[in-house]
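What follows is a single structure, written as structure tokens, with notes after it.
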Amino acid sequence: MSELRFDGKVAVVTGAGHGLGRSHALLLAERGAKVVVNDLGGALDGSGASTGPAAEVVELITKNGGAAVANADNVATPEGAEAIVRTAVEAFGRVDIVVNNAGILRDRSFGKMTVEEFDAVLAVHVRGTFLVSRAAFPHMKEQGYGRIVNTTSPAGLFGNFGQANYSTAKMGLVGLTKTLGIEGARAGIKANAIAPIAWTRMTESLLPAEFEEKFTADRVSPLVAYLAHESCETSGDVFSVGAGRVARVFVAEGPGWRTDDLTVEAIRDNWEAIIAEEPHLPTTLGEQATASMKAML
Ligand SMILES: NC(=O)c1ccc[n+]([C@@H]2O[C@H](COP(=O)([O-])OP(=O)(O)OC[C@H]3O[C@@H](n4cnc5c(N)ncnc54)[C@H](O)[C@@H]3O)[C@@H](O)[C@H]2O)c1
């Protein structure tokens with residue numbers, strides 16, 4: 001089988017100074033992509049800034065014979081996001097791939113979480129992904145081609161104690177990915193999301209010590225590269241990935257139950273049918289609404 005390569009393609013990887021983003025950037029560059037290594041260079045909670053982490057990854061890529069430029073802008077501001085994409089266009093002439101990976105944590109139990117902690121996490125994950133994708137979108141539309149890979153999390157898909165801000169943000173990215181998949185279709189732009197588990201500075205205090213050896217970042221990046229490749233036809237989907245296992249994650253709906261006379265008591269009395277798990281998998285709001293229409297016939 002032929003190797004999947006990215007020669008002639010230009011990729012932006014946000015938050016690529018550490019952890020997963022660093023690993024994605026190294027893999028894409030190794031396979032021929034020209035890479036903008038973006039990283040604000042702050043702490044895990046988003047405080048501070050440094051040009052060091054992005055510059056170090058660029059140095060490593062160029063030492064290995066690849067092409068990369070560093071960018072230390074903030075994904076969460078419109079000016080920062082525009083500057084990140086401008087870096088790609090000025091250095092390499094185009095932008096084909098955006099990997100939205102930058103992220104921070106401000107964990108706190110729900111009862112103690114502050115508005116500032118909630119907003120700060122949504123700003124980087126949700127606004128950041130929206131803003132960088134928005135900056136790249138016109139370039140992709142014009143060239144009739146683009147690949148966007150967003151980073152959600154099992155914490156958002158399934159919930160996690162102490163992460164009300166983070167899980168809200170990460171589930172928000174599922175909605176954004178699905179809508180980008182729909183809106184990008186006519187312009188040849190595909191958008192998907194990964195929900196990784198990997199041993200990084202973000203998780204080293206949360207994961208069991210035995211995860212360090214198996215849940216390496218380089219056991220996540222091949223999925224990012226595949227979703228970023230022109231041969232990938234999938235769009236609007238979400239995949240969990242960790243320790244070499246990859247699985248599609250569905251948003252599903254059960255068969256449901258309906259009546260012409262919906263009352264509070266009717267809901268109580270038919271609860272088992274309402275919560276029944278025989279999923280079908282709508283891929284658009286229209287498909288979901290059609291199922292409701294059919295139930296009326
Ligand atoms: N590690 C895991 O198990 C795991 C699980 C689920 C989701 N994720 C997600 O994967 C992504 C990468 O996380 P990681 O584990 O590699 O953590 P990490 O802390 O090693 O990497 C995140 C990077 O994003 C950068 N960053 C933060 N805010 C930024 C901003 N405003 N602009 C630009 N760069 C910024 C940081 O400097 C850092 O280098 C995050 O979105 C995270 O939420 C990770």
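Side-chain atoms are counted along with the backbone in the values below, which use heavy atoms only and exclude waters and symmetry mates. Positions are given from 1, in the same order as the sequence printed here. Atoms within each ligand, like the ligands themselves, are counted from 1 in listed order.
- Close approach of ligand 1 to Val124 (heavy-atom distance below 4.0 Å) involves ligand atoms 28 (N), 31 (N).
- Heavy-atom contacts from other residues, nucleotides or ligands closer than 6.0 Å to CZ of Arg22 number 12 or fewer.
- Proximity of Leu105 to ligand 1 is not established, as no heavy-atom distance is less than 4.0 Å.
- Below 4.0 Å from some heavy atom of Gly19 lie the following atoms of ligand 1, by number and element: 16 (O), 20 (O).
- Which of Pro196, Gly46, Ala102, Ala54 comes nearest to atom 6 (C) of ligand 1 through a heavy atom is settled by distance: it is Pro196.
- Within the listing of ligand 1, atoms 20 (O), 38 (C), 39 (O) sit less than 4.0 angstrom from a heavy atom of His18.
- Under a 4.0 Å criterion applied to the non-hydrogen atoms of Tyr166, ligand 1 contributes the atoms 6 (C), 7 (C), 8 (N), 9 (C), 42 (C), 43 (O).
- Heavy atoms from other residues, nucleotides or ligands lying under 6.0 Å from CZ of Arg108 number 12 at most.
- Nearest protein heavy-atom neighbour of atom 34 (N) of ligand 1: Leu40 N, 3.3 Å.
- Only the backbone of Asp73 comes within 4.0 Å of ligand 1, judged by heavy-atom distances.
- The protein heavy atom nearest to atom 15 (O) of ligand 1 is Thr200 OG1, 2.5 Å.
- When the heavy atoms of Val57, Asn38, Asn101 are ranked by distance to atom 40 (C) of ligand 1, first place goes to Asn101.
- Residue-environment remark: CD (Glu59) stays at or below the threshold of 12 foreign heavy atoms within 6.0 Å.
- Around atom CD of Glu142, no more than 12 heavy atoms belonging to other residues, nucleotides or ligands sit under 6.0 Å away.
- A salt bridge does not link Glu117 with Lys112: none of the charged nitrogens is closer than 4.0 Å to a carboxylate oxygen.
- Those atoms of ligand 1 with a heavy atom of His125 less than 4.0 angstrom away are 41 (O), 43 (O).
- Remark: the backbone N or O of Leu206 is not paired with any side-chain donor or acceptor of Thr203 at under 3.5 angstrom.
- For the atom pair CG (Asn100) and OG1 (Thr152), the distance works out to 12.0 Å, reported to the nearest 0.5 Å.
- The nearest heavy-atom contact from the protein to atom 10 (O) of ligand 1 is Thr151 CG2, 3.3 Å.
- Contacts with ligand 1 closer than 4.0 Å are made by no heavy atom of Arg22, backbone or side chain.
- Using modelled atom types and a 3.5 Å distance limit, the side chains of Asn192 and Asp237 yield no donor-acceptor pair.
- In this structure, of Ile104, Val13, Asn150, the residue bringing a heavy atom nearest to atom 28 (N) of ligand 1 is Ile104.
- The heavy atom nearest to atom 19 (O) of ligand 1, considering only Met202, Arg201, Glu204, is found in Arg201.
- For ligand 1, the polar-atom distance check against Val75 finds a nitrogen or oxygen pair separated by under 3.5 Å.
- Atom CZ of Phe110 is surrounded by 12 or fewer heavy atoms from other residues, nucleotides or ligands within 6.0 Å.
- A donor-acceptor pair is defined here as one N or O able to donate and one able to accept, closer than 3.5 Å; such a pair exists between the side chain of Arg147 and the backbone of Glu230.
- Between the side chain of His125 and the backbone N or O of Ile104 there is at least one donor-acceptor pair closer than 3.5 Å.
- Counted within 6.0 Å of CD on Glu265, heavy atoms from surrounding residues, nucleotides or ligands total more than 12; the atom is thus considered enclosed.
- A donor-acceptor contact closer than 3.5 angstrom is absent between the side chains of Thr129 and Asn150.
- Across Gly103, Gly15, Gly42, Ser240, heavy-atom proximity to atom 27 (C) of ligand 1 is greatest for Gly103.
- The closest approach between any non-hydrogen atom of Gly41 and ligand 1 is below 4.0 Å.
- Looking only at heavy atoms of the protein, atom 1 (N) of ligand 1 is closest to Ala198 O, 3.1 Å.
- Closest to atom 16 (O) of ligand 1 among all protein heavy atoms lies Leu20 N, 2.8 Å.
- If you number the atoms of ligand 1 from 1 as listed, the ones under 4.0 Å from a heavy atom of Ile197 come out as 3 (O).
- For ligand 1, the atoms lying closer than 4.0 Å to a non-hydrogen atom of Asn74 are 30 (C), 31 (N), 32 (N).
- Polar contact with ligand 1: present for Asp39 (N/O pair, distance under 3.5 Å).
- Near Thr203, meaning under 4.0 Å from one of its heavy atoms, ligand 1 places the atoms 1 (N), 2 (C), 3 (O).
- Within a 6.0 Å radius of CD in Glu210, more than 12 heavy atoms belonging to other residues, nucleotides or ligands are found.
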